[in-house]
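One structure is given below, encoded as structure tokens.
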Amino acid sequence: MSLHQETIEVPTDGRGLTNVTRAIDAIVARARVTTGLCTVFVQHTSASLVIQENADPAVLRDLDRWLSELAPESRRWEHDDEGPDDMPAHARSAVTRTSETIPVTGGKLALGTWQGLYLWEHRARPHSRRLVVTVYG
């Protein structure tokens with residue numbers, strides 16, 4: 001059994017989805033695990049991870065709009081210490097995921113043809129987000 005772990009910083013442009021598949025694939029390659037699992041964890045409470053379609057960017061835009069409607073900035077949130085996007089970002093993170101586990105097959109992430117792994121930034125301003133990537137097998 002082999003275990004490999006790296007932490008990476010991912011800059012975001014503000015609210016929206018950033019494809020991190022290639023960066024995670026590179027870590028899997030460095031781990032030299034042929035068959036196993038890759039767990040990716042985001043160390044923040046106002047960003048999340050999602051596996052989603054990577055072919056049509058309209059899917060990502062629609063998801064972002066849908067989630068913005070689910071937890072709008074216009075709602076009267078009690079927690080707004082860091083601005084009007086603060087609590088909505090926490091709510092959006094709460095209904096999505098902070099980690100994803102993906103099988104590793106043949107030394108690569110076993111994602112489907114149209115799947116990609118995305119970091120979903122829920123804050124309006126750009127941030128640098130830490131992902132802890134653990135590969136074992």
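Values below: every heavy atom of this structure, side chains too, minus hydrogens, waters and symmetry copies.
Between the side chains of Ser46 and Ser93, no donor N or O sits under 3.5 Å from an acceptor N or O. With hydrogens and angles left out, the side-chain atoms of Thr45 and His90 include a donor and acceptor closer than 3.5 Å.
Nearest heavy-atom pair across Ala124 and Asp85 is N-OD2, 2.7 Å. Here the shortest heavy-atom pairing between Pro72 and Trp77 reads O-NE1, 2.9 Å. Closest approach of Leu119 to Leu49, counting heavy atoms only: CA-CD2, 4.1 Å. Of all non-hydrogen atoms in Val28 and Gly107, the two that sit nearest each other are CG1-O, 3.4 Å.
At distances below 3.5 Å, at least one donor-acceptor pair connects side-chain atoms of Thr21 with backbone N or O atoms of Leu117.
For residues 7-23, the set of pairs meeting the salt bridge (charged side-chain N to carboxylate O under 4.0 Å, His left out) definition, not counting sequence neighbours, comprises Arg15-Glu73. Applying the side chain to side chain donor-acceptor pair (under 3.5 Å) rule to pairs touching residues 23-35 yields Glu6-Arg30, sequence neighbours excluded. The salt bridge (charged side-chain N to carboxylate O under 4.0 Å, His left out) analysis of residues 128-137, with sequence neighbours excluded, yields the pairs Glu121-Arg129.
The structure places CD1 of Ile102 at 4.5 Å from CG of Leu111, a figure rounded to the nearest 0.5 Å. Of the inter-residue distances, the one linking Leu109 atom CG with Glu100 atom CD reads 11.5 Å to the nearest 0.5 angstrom. In this structure, CG on Leu17 lies 8.0 Å from NE2 on His122, to the nearest 0.5 angstrom.
Residues satisfying the salt bridge (charged side-chain N to carboxylate O under 4.0 Å, His left out) criterion with Arg65, sequence neighbours excluded, are Asp62. Evaluation of the side chain to side chain contact (heavy atoms under 4.5 Å, CB included) rule for Thr113 yields no partner, not counting sequence neighbours. Contacts of Leu63 classified as side chain to side chain contact (heavy atoms under 4.5 Å, CB included), with partners at least two apart in sequence or in another chain: Gln52, Val59, Trp120.
Linking ILVMFWY residues whenever their side-chain heavy atoms come closer than 4.5 Å, directly or via other members, leaves Leu60 and Val40 in distinct clusters.
Side-chain contact check for Gln5 versus Val132: some heavy-atom pair is nearer than 4.5 Å.
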